[in-house]
Undergrad: 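Sharing a structure, written as C-alpha cells. Questions coming.
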Amino acid sequence: MMAIFAALLGWAKTLSAQSVVISEVMYDPPGGSAYAEAEFLELFNPGSRPIDLSGASFSAGITFTFPSSFSLQSKARVVICRNPTVFVARYGSVTGLVAGSYSGALNNGGETLILNNPSGSILAQLKYGIDGDWPTRPAGQGGSIELVDPTADPVPAANWRASAEYFGSPGTAGAGIPNRVVINELLAHTDPPLEDAVELFNRTDQPIDVGGWFLSNELTDPFRFRIPPGTVVPPRGFRMIYEYQFNPLQPAAGRTAFTFGAARGGMVILLSADAVGVPRRWEDVQEFPASPNGVSFGRHPDGEGPFRLMQRMTLGTGIDNSMDPLLLNIFRQGLGGTNSPHALGPVIFRRLRYAAPAGEIEFVELENVSAETVPLYDPAYPTNGWRIEGGISFAFTEPQAMAPGAKWIIANTNNGAAVRSLLGTSDAQVVLGPYTGQLASGGERLTLVRPDNPQLPPRPDAGFVPYFVVEQLDYQSVAPWPTEAAVADRCLARIVSTEPAYLPSNWRAESLKTIGPVKPTVLVERLSGNQVRLRTRGPRDRGYVLERVTLSGTATVTVVATVLSGIYSVPPGALQTDGSVERVFELAAGESAELWRIHLNP
C-alpha cells in the first residue's frame, strides 16, 4: 500500500512540475468548416536546459510521434498541427512548426492529452474543458486556450485563459489581456432623450486608429458593426459610438443592427481587425447584468478597475432620462468624459463568516450606509423582494425595510438566539435565515440584487422581472485578501463601509464578536504607471498623521488632518465629496513596495 501511495505521489509531483508543458490548444478553430482542421497544439520548455523529445508520442487525445533526434531548447516553443495545408493557409510560416500532422481531432468539449517519452513516462499532461473555471470563448467563438504561467502548475483551469488573439498565437507567447483601447463606459438601458452608447478609452500615450474594428453585443457574431474608417481615439482620451450608428434602419451589407440588453443584461465586445476586416484581437469583452434606466456601467478610474454601475453617467453632456425626448440630438454630441466613481449601496456587504466548521453557523452581514430607510422590495410590486445570489441564495419574501445605519445578519440558520450568542449582540439584532447553499471557503462572488418593475405587454417577455446589482463582492481566501479571515473564529470585515468592496485593502480579518467604531485606516489603490492613490478615514474629533514610508524607513510623505464631526480639516483640494482625504503619489524610480501607517495626535 505504501509503495502504491508513493507512486501516486510521485506521479502528482511530476504533473505539477512538468519539464515540458502544453502551453496552447486551438481545439475549435473559428471560420466554419473550411478551417475546421486548423487545429494545433503548442508545447513550451520553461526550464533552463533542452528537453529531449526524440520519439516522444501522445498516448491520449491525438496520435503523434516526434521525430528522432528532436530537442526542445530552453524557453522555446514547438507547434504540431492537424492539417499542415489548412494551418499554413491561415498562419503562414510559424516558428517551431514540426513537420507532419497528428491524426485524430481535438475534442471541442474537452479531453485529456498525454505526452509520453519512449519508455512510457509522462512528459506532459493536460485535461482541458469548457465548463467550470475553463474559459468558454475558445469553444467556437474565436481564440485558443493558453497557459498563463508556464512555470506554475498547468493542471488548474485558473492557470489558463482565452487568447487575446482571435486565431491564437502558435509559436509565440500570447499577448495576454489587451490594454490599448478599452470599453470605458456603456449605457445599455435607455429611453429618449437617451440612447444606448459606448465610450472607448485609449490607455496609451499615442493616438490609435480604431477604424475597421468591430463592435458587437454577441460573441457568436462579433462582426455586427464595423467602426467607420478614420475613427481615432486620442492619447489618454475618449471616443463615443452611439446607437444610431450601430442600430440603423438599414445596416450595411453583412452587418446586424443591435442594442444592448436592458432587462437581462448582456455583453459588449470590441474586436480589432486589419484593413480588409480580418479579425486580430479581442481588445475588450465585458459582461454586464441588467441596469436601471439611464444608469451606465463604467471603469473607475478611466481605463482601469472593474466594470460596474456608476454613480452618474459621464458621456459628455448633462442630458439625462428626465429631460425632453427632443434633446436626443444634443445627447449625441457628447464626446465622453472622466468617469464618476462606482455606485455604492445604499445597502452593502459588511461582514461574512465563510470559514465556519461544517454544520456550524455562517453568515453575511448587510449594512444600510445611506441616510434613508431602504425598502428591500419593490413598493409598486411588494411581493418582489431583494435577493442575495451566488454561492448562497436568500430572498426577502416579506416587505421589510432597513433603517439608516441598520446592520442585519443573514445566516444559514433560523436560530436567531444562537447567532446573537455567537456574535455577542443584543436581542435587538435583526437576524434572518436560513439561506440555502454555503459560502465557499476559497472565495466566490456574492451579489445583492433588487427588482425593477416587471416587463409589460406587448413585450414578448411580459411578466419577467429584471434584477439590478446593488452590491457585488468577489472575496478570496488568499493574498492580497486577508488570509486570517479563513479561520473558524474569524470573519471577513469591511474596513470602511463607503469604500468599494472590490479593494482587498478595504477588508480585514475580525473577531466574530468585534463590533465597534472603525479605526483609522489607509486604503491603497494602484493606478496606471507608477502611481498609487491613498485614501484615509479616521474617528471623529481626532487629529492624525499619515506617513508613507519606504522599505528603508525614510518618510517621504506626511499628511496631517483633523476630523471634526466627520469632516476632515485638510489643505485645499484634498477633501473628497465623501469626506475622505485622497492623495496620489508617484513612486520613486526602482521603488517596488511601500508601507503606510497612522499616528493619532495626542
Undergrad: Give the minimum heavy-atom separation between Gln476 and Gly442, together with the two atoms involved.
TA: OE1-O, 3.3 Å
Undergrad: Do you know which two heavy atoms are closest between Ala124 and Val20, and how far apart they sit?
TA: CB-O, 3.4 Å
Undergrad: Where is the tightest heavy-atom contact between Leu309 and Ser291, given as atom of each residue plus distance?
TA: CD2-CB, 3.9 Å
Undergrad: Please report the C-alpha distance between Leu439 and Arg353 in whole Å, then the side-chain angles of each, then the deciding distance to 0.1 Å, and finally whether the side chain to side chain contact (heavy atoms under 4.5 Å, CB included) criterion is met.
TA: CA-CA 8 Å; Leu439 294 171; Arg353 186 195 191 194; 5.7 Å; no
Undergrad: Which heavy atom in Phe70 sits nearest to a heavy atom in Val98, and how many Å separate them?
TA: CZ-CG2, 3.8 Å
Undergrad: Taking 4.0 angstrom as the limit, do Glu218 and Arg224 come out as a salt bridge?
TA: no
Undergrad: Distance from Glu39 atom CD to Ile80 atom CD1, nearest 0.5 Å?
TA: 10.5 Å
Undergrad: Does any N or O in the side chain of Trp282 come within less than 3.5 Å of the main-chain N or O of Tyr166, such that one atom is a donor and the other an acceptor?
TA: no
Undergrad: Quick one: which of Phe288, Phe260, Phe468 gives a ring-ring contact (aromatic ring centres under 6.0 Å, His included) with Phe297?
TA: Phe288
Undergrad: Take Tyr91 and Phe40 through the test ring-ring contact (aromatic ring centres under 6.0 Å, His included) and record every step on the way to the result.
TA: CA-CA 11 Å; Tyr91 297 102; Phe40 68 83; 5.7 Å; yes
Undergrad: Between Glu146 and Arg77, is there a side-chain N and carboxylate O pair less than 4.0 Å apart?
TA: no
Undergrad: Cation-pi check, Arg308 to Tyr502: give yes when NZ or CZ is under 6.0 Å from the six-membered ring centre and within 45° of the ring axis, no otherwise.
TA: no
Undergrad: Thinking salt bridges, do Glu304 and Arg203 make one under a 4.0 Å N-O criterion?
TA: yes
Undergrad: Closest heavy-atom contact between Ser69 and Ser54?
TA: N-OG, 3.0 Å
Undergrad: Do Arg90 and Tyr35 form a cation-pi contact, if we require the NZ or CZ to be under 6.0 Å from the six-membered ring centre and within 45 degrees of the ring's axis?
TA: yes
Undergrad: Working to the nearest 0.5 angstrom, can you tell me the gap between Asn217 CG and Ile269 CD1?
TA: 7.0 Å
Undergrad: How about CD on Glu360, more than 12 heavy atoms from neighbouring residues, nucleotides or ligands closer than 6.0 Å, or not?
TA: yes
Undergrad: Hey, mind stepping through Phe214 and Phe223 against ring-ring contact (aromatic ring centres under 6.0 Å, His included) and telling me if it holds?
TA: CA-CA 6 Å; Phe214 294 99; Phe223 312 110; 5.1 Å; yes
Undergrad: Please test Phe258 against Asp196 for side chain to side chain contact (heavy atoms under 4.5 Å, CB included), starting from the C-alpha separation and ending with a verdict.
TA: CA-CA 10 Å; Phe258 67 93; Asp196 290 8; over 6 Å; no
Undergrad: Drop me the distance from Thr447's OG1 to Gln472's CD, to the nearest 0.5 angstrom.
TA: 6.5 Å
Undergrad: Rounded to the nearest 0.5 Å, how far does CZ of Phe363 lie from CD1 of Ile410?
TA: 11.0 Å
Undergrad: Run the ring-ring contact (aromatic ring centres under 6.0 Å, His included) test on Tyr102 and Phe58 for me, step by step, so that the C-alpha distance in whole Å, both residues' side-chain angles and the decisive distance to 0.1 Å come before the verdict.
TA: CA-CA 9 Å; Tyr102 58 75; Phe58 281 85; 7.9 Å; no
